Amino acid sequence: MMKRYAAIAAAIFMMSLTACGTFAPPQASETTTTTTTVTETTTVSPVTTVPADSSEPETTTKATMSEEEKKQIAANTFIAEFFDSAITFEEKSALTKEVLKKCPFEHSEESTNGLQRITLKGDNGSGTIDVLCIDLSNSDLDYELGYIVSTFGDYYYGFTVGNMQGVTEDNFTTNYRLTNTVVSKGKYQQYGSLQKSDGMANQFGYAETYATLVDSKLTVVSGQFLSTDMMERQSFTGLMMEFKEKIPF
């Protein structure tokens, strides 16, 4: 129960951070490709402690959990611990302004609690891009580097997809996910494209989260766009590429 409360607390934190609507969107199911080389730390999985006076029904419930449910509980616990640790947000307005010089859309920028949110408007669609950098150097997180970048990446990708109105995981026709750790740095990327029809017009969409963890700095760029014009979706993917090229790894 305490873990459930912790997960809810993390959700509330991110709602206030991004000033967006509903949090905790459904996660899309993707095929995972992981490339891992030498890492310097050891994975430490969150420990679930059962109180000594736990009742038999609670024990039975834990025993019947699927592996996917256990992984989700562990991920929720990590996110709660992540935001409860000594992290700080770094300003990234210079990065956004540099990339937006070539932006093909009308756009506005808003900075809230270390988050740079860019709102995009095209002739036939709209979307958002979030840019943030979190300094973990003073945090007490006892997790392996690859677990941190992949779990936070999954969390933010789900959050981004959840901001696409009227979209479900079944609408995505392309899904890709990659986590790569090399020595003391890690990289995460997940994206999906979609095409759907409301009976009157087709909609083309794209969502992507890209994150790197280098020198205890977790830098994230995450965006989504929906349009009735396929070329606008292409322009959006190009804009996301411009951001990714500016993030060191």
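Only a predicted model underlies this, so the values are computations on that prediction, with no experimental measurement involved.
A donor-acceptor pair under 3.5 Å links the side-chain atoms of Asp135 to the main chain of Ser137, judged by distance alone. Put simply, the side chain of Thr112 never gets that close to the backbone of Leu115: no donor and acceptor are under 3.5 Å apart. Not one N or O on the side chain of Gln190 forms a donor-acceptor pair closer than 3.5 Å with the backbone of Tyr157. Ser126 places no side-chain N or O within donor-acceptor distance of the main-chain N or O of Gly122, the cut-off being under 3.5 Å.
Note that CD1 of Ile118 and CG of Leu239 are 7.0 Å apart. Values are rounded to the nearest 0.5 Å. For the atom pair CD (Glu81) and CG (Asp140), the distance works out to 8.5 Å, reported to the nearest 0.5 Å. Atom-to-atom distance recorded for Gln72:CD and Lys70:NZ is 14.5 Å, nearest 0.5 angstrom. With rounding to the nearest 0.5 Å, the separation of CD1 in Ile87 from CG in Leu218 is 9.0 Å.
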Determine whether Phe204 and Thr228 satisfy the following criterion, side-chain contact (heavy atoms from CB on, under 4.5 Å), listing intermediate values before the conclusion. CA-CA 6 Å; Phe204 304 92; Thr228 55; 5.7 Å; no
Might you work through the side-chain contact (heavy atoms from CB on, under 4.5 Å) test for Phe105 and Glu232, ending with a clear yes or no? CA-CA 9 Å; Phe105 305 103; Glu232 284 194 342; 4.3 Å; yes
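A heavy-atom distance below 4.5 Å is found between the side chains of Leu100 and Glu109. Counting heavy atoms from C-beta on, the side chains of Met241 and Phe236 never come closer than 4.5 Å. Looking at Lys187 and Tyr210, their side chains come closer than 4.5 Å, going by heavy atoms from C-beta outward. The shortest side-chain heavy-atom distance between Val131 and Leu95 falls under the 4.5 Å cut-off. Between Ser193 and Arg233 the shortest side-chain heavy-atom distance falls below 4.5 Å. Contact check for Ser222 versus Tyr156: side-chain heavy atoms found under the 4.5 Å cut-off. Counting heavy atoms from C-beta on, the side chains of Glu208 and Thr237 never come closer than 4.5 Å. With a 4.5 Å cut-off on side-chain heavy atoms, Tyr188 and Thr212 do not count as touching.
Between Leu213 and the choices Ile134, Ile148, Thr219, the side-chain contact (heavy atoms from CB on, under 4.5 Å) rule is met once, by Ile148. Checked against Gln224 for a side-chain contact (heavy atoms from CB on, under 4.5 Å), the options Val167, Asn163, Ile129 give a single hit: Asn163. Paired with Phe152 under the rule ring pair (Phe, Tyr, Trp, His ring centres under 6.0 Å), one option of Phe78, Phe82, Phe159, Tyr143 passes, and it is Phe82.
The number of heavy atoms from other shown groups lying within 6.0 Å of NZ (Lys246) does not exceed 12. Around CG of Asn202, the count of heavy atoms belonging to other residues, nucleotides or ligands within 6.0 Å exceeds 12.
Checked by atom type, the side-chain pair Gln116/Ser111 shows a donor-acceptor distance below 3.5 Å.
Under the 6.0 Å cut-off for aromatic ring centres, Tyr206 and Phe225 do not qualify, their centroids lying 6.0 Å or more apart.
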